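See below for the structure under consideration.
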Amino acid sequence: MIYKNLEKNIKKRKEGNMKKKINKKEIALFILLLLFITSQILPKEVNNLDEMWNFNFANCMANGLIPYRDFNIIQGPFLPALCSIFLRIFGKEMLVMRILAIILDTILLFMVYKIMTTLKIKEYLKYITLIILAIIMKNYFTIDYNWATLLILLIILNIELKEKNKPKANFKKDFLVGIIAGIAITLKQTTGILIALATIGYSIFAIRNKEDFKPFIKSALNRLLGVLLVVLLMVTYLILKGAFYDFIDYCILGIATFSNQISYLERLIKNKNILIRILSLLPMINLILGYLFVKKNDSNMLTLFIFSLASLVLVYPIADESHFVLAIVPTLISFMYLIDLWAEKIQIPKKEEIITQCFLETFVVIMAMVSLIYGINSYKKQNINLELSHFKYLPMSKESIASIQKIGDYIQNQEKQVIILDATAAYYTIPINQYHKNYDMFLKGNLGDKGEEGQIENLKNLQNTQILIMNDAYNRNWQNPEKVRKYIQSEMSKIGEIGIFDIYE
């Protein structure tokens, strides 16, 4: 009896030590990911329009403006509202948003590792996955609704993968999962609704008899309740702030005016980057997942299949690299899960697995440290902006700073109101603390139900105003409202030029 108790205690201690080792390893990995992502984000020059727009949204809310009512935005209000809290606390600088981006993106990649741990995928396959993602994501690390939405999906995916084959009703767990899925809707309503629907009803495919149906219904209703609670809170906020009808106009009716799209075939399958091209074919493995679920009734296969499909909606209608590197994440995890099952079947020697794991662990450490050193040196070599508000302590060329100051001074010194009708407007208006609804993010699909015709009508009613549009010598944004531009050129008088812009009255 004493011997058995002693044996149990020794076993518990060993398990405890193993957990400590795992925790230390995970902490080390988290720090390495943090360092790598920091090295990619902080040295970037301020010239990314998506970064400016997302900062502008949060900054507007930090200044007391209400989304949809006071500034045009087609995503959910949750992320800019959350970021605005940090801007109020730490200062209204884009640097704060970059720090938040580092934290968000690090958690996202770490969650990939945690999901693969839940699936009991081999360590070396986890590192291969992280290395692939680090390579394809390094130019796109940022903070926006797509990154936040993917993180929400991964959190739900990790929770669901811990469940067994048969549907089970657990109010606390299901309600919490429903709330998390509801948050996805407040980030990006289109993708969020799809994630919510998948979360609520996907386990219906796991039902095999009448006894399974009742717990499924209970679970689905509990989740639906959580989703509806979050949506109700968002709608209540919009109604109280007088922004609900504007939300409908921009986020639902206005989407119909967005006619631009980027082809998956032309942009990704035919991509010059070999890795992107190979990964663009990976979604086909979802067919294998679906087949294996039907054949083996493996709940992991079903969960991975459904959420991989849900994430792929991120590449519609804009199938470019920045959307693809996010959309492919659950599918890549699914692929590694299948590779892991195959590796188990062919019984790769343990010695070879250990050597591969050690090599990849070393590679990850070296990759993170070299990237950090390179990032620090890159930051030091660049010109750091100290003149322009909201862009302080970030790399900007002297020419860019001078151009922004020149146009900013012109705007502020005019007796007439000056509006920039171009995608780059925020670049010039952020430092001078100006915001013009619809005009500072002048893009197709962002102008509400009336679209370009509505903006032309607005321009007709403007008094004592100068309009700046980009000179023909420069390339305009692919979503630029060309009808409005042609109206300005044909119906207004050009009175001069400044920087890259023509001036019209």
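Because only heavy atoms are used, hydrogens play no part in the values below, and waters and symmetry mates are left out as well, while side chains stay in. Quick caveat, the model's predicted, so the values are computed rather than measured.
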Side-chain ion pair, Lys272 and Glu321, N-O less than 4.0 Å
no

Ionic contact status for Lys120 with Glu344, cut-off 4.0 Å:
no

Side-chain heavy-atom pair [X], [Y] within 4.5 angstrom cut-off:
{"X": "Leu268", "Y": "His323", "result": "no"}
{"X": "Leu33", "Y": "Thr106", "result": "yes"}
{"X": "Glu123", "Y": "Tyr113", "result": "yes"}
{"X": "Lys138", "Y": "Ser371", "result": "no"}
{"X": "Thr199", "Y": "Ile180", "result": "no"}
{"X": "Met97", "Y": "Phe86", "result": "no"}
{"X": "Ile143", "Y": "Leu79", "result": "yes"}
{"X": "Asn56", "Y": "Met441", "result": "no"}

If you apply the rule side-chain contact (heavy atoms from CB on, under 4.5 Å), what do you find for Phe78 with Tyr145, and how did you get there?
CA-CA 9 Å; Phe78 182 75; Tyr145 56 87; over 6 Å; no

Passes side-chain hydrogen bond (donor to acceptor under 3.5 Å, both in side chains), Gln357 versus Glu361? Steps please.
CA-CA 6 Å; Gln357 180 181 326; Glu361 285 177 346; 3.2 Å; yes

side-chain contact (heavy atoms from CB on, under 4.5 Å) evaluation trace for Tyr124 with Ile348:
CA-CA 12 Å; Tyr124 65 89; Ile348 296 174; 3.7 Å; yes

So does [X] have more than 12 non-hydrogen atoms from other groups sitting under 6.0 Å from [atom1]?
{"X": "Phe335", "atom1": "CZ", "result": "no"}
{"X": "Phe205", "atom1": "CZ", "result": "no"}
{"X": "Lys218", "atom1": "NZ", "result": "no"}

Over 60° means perpendicular and under 30° means parallel, so tell me whether Tyr264 and Phe324 are parallel, tilted or perpendicular.
perpendicular

Once the angle between the rings of Phe391 and Tyr427 is folded into 0 to 90°, is it parallel (under 30°), tilted (30 to 60°) or perpendicular (over 60°)?
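Because their plane-to-plane angle lies in the 30° to 60° range, the rings of Phe391 and Tyr427 count as tilted.
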
[X] side chain vs [Y] backbone, donor-acceptor pair below 3.5 Å:
{"X": "Thr186", "Y": "Ile183", "value": "yes"}
{"X": "Lys44", "Y": "Phe141", "value": "yes"}
{"X": "Ser219", "Y": "Phe216", "value": "no"}
{"X": "Trp53", "Y": "Ile73", "value": "no"}
{"X": "Arg223", "Y": "Ala181", "value": "no"}
{"X": "Asn271", "Y": "Arg277", "value": "no"}
{"X": "Asp340", "Y": "Ala343", "value": "no"}

For the residue pair [X] and [Y], what are the closest heavy atoms and their distance?
{"X": "Lys92", "Y": "His390", "answer": "O-ND1, 2.5 Å"}
{"X": "Arg98", "Y": "Ile41", "answer": "NH1-O, 3.2 Å"}
{"X": "Leu443", "Y": "Ala423", "answer": "CD2-CB, 3.7 Å"}
{"X": "Leu42", "Y": "Tyr379", "answer": "O-CD1, 3.8 Å"}
{"X": "Glu45", "Y": "Ser397", "answer": "OE2-N, 3.2 Å"}
{"X": "Ala62", "Y": "Arg88", "answer": "O-NE, 3.4 Å"}

Test of understanding: with ring pair (Phe, Tyr, Trp, His ring centres under 6.0 Å), list the residues that count as partners of Tyr68, not counting sequence neighbours.
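With neighbours one apart ignored, the set is Phe247.
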
Knowing that exactly one of Ile278, Val325, Leu332 qualifies, which makes a side chain to side chain contact (heavy atoms under 4.5 Å, CB included) with Ile132?
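That would be Leu332; it is the only one of Ile278, Val325, Leu332 passing the side chain to side chain contact (heavy atoms under 4.5 Å, CB included) with Ile132.
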
Under a plain distance cut-off of 3.5 Å, with no hydrogens placed, do Ser334 and Ser308 share a side-chain donor-acceptor pair?
yes

Asn146-Tyr140 side chain donor-acceptor pair, cut-off 3.5 Å:
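Side-chain D/A pair, Asn146 to Tyr140: absent.
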
Please evaluate residues Ile135 and Leu275 with respect to the criterion side-chain contact (heavy atoms from CB on, under 4.5 Å), reporting the C-alpha separation (whole Å), side-chain torsions for both, the decisive distance (0.1 Å), and the verdict.
CA-CA 9 Å; Ile135 292 171; Leu275 186 55; 3.9 Å; yes

Check against ring pair (Phe, Tyr, Trp, His ring centres under 6.0 Å), Phe307 and Tyr202:
CA-CA 9 Å; Phe307 285 94; Tyr202 85 96; 5.5 Å; yes

Met137 vs Leu109, side-chain contact (heavy atoms from CB on, under 4.5 Å): CA-CA, chis, key distance, verdict
CA-CA 10 Å; Met137 287 180 169; Leu109 284 183; 3.9 Å; yes

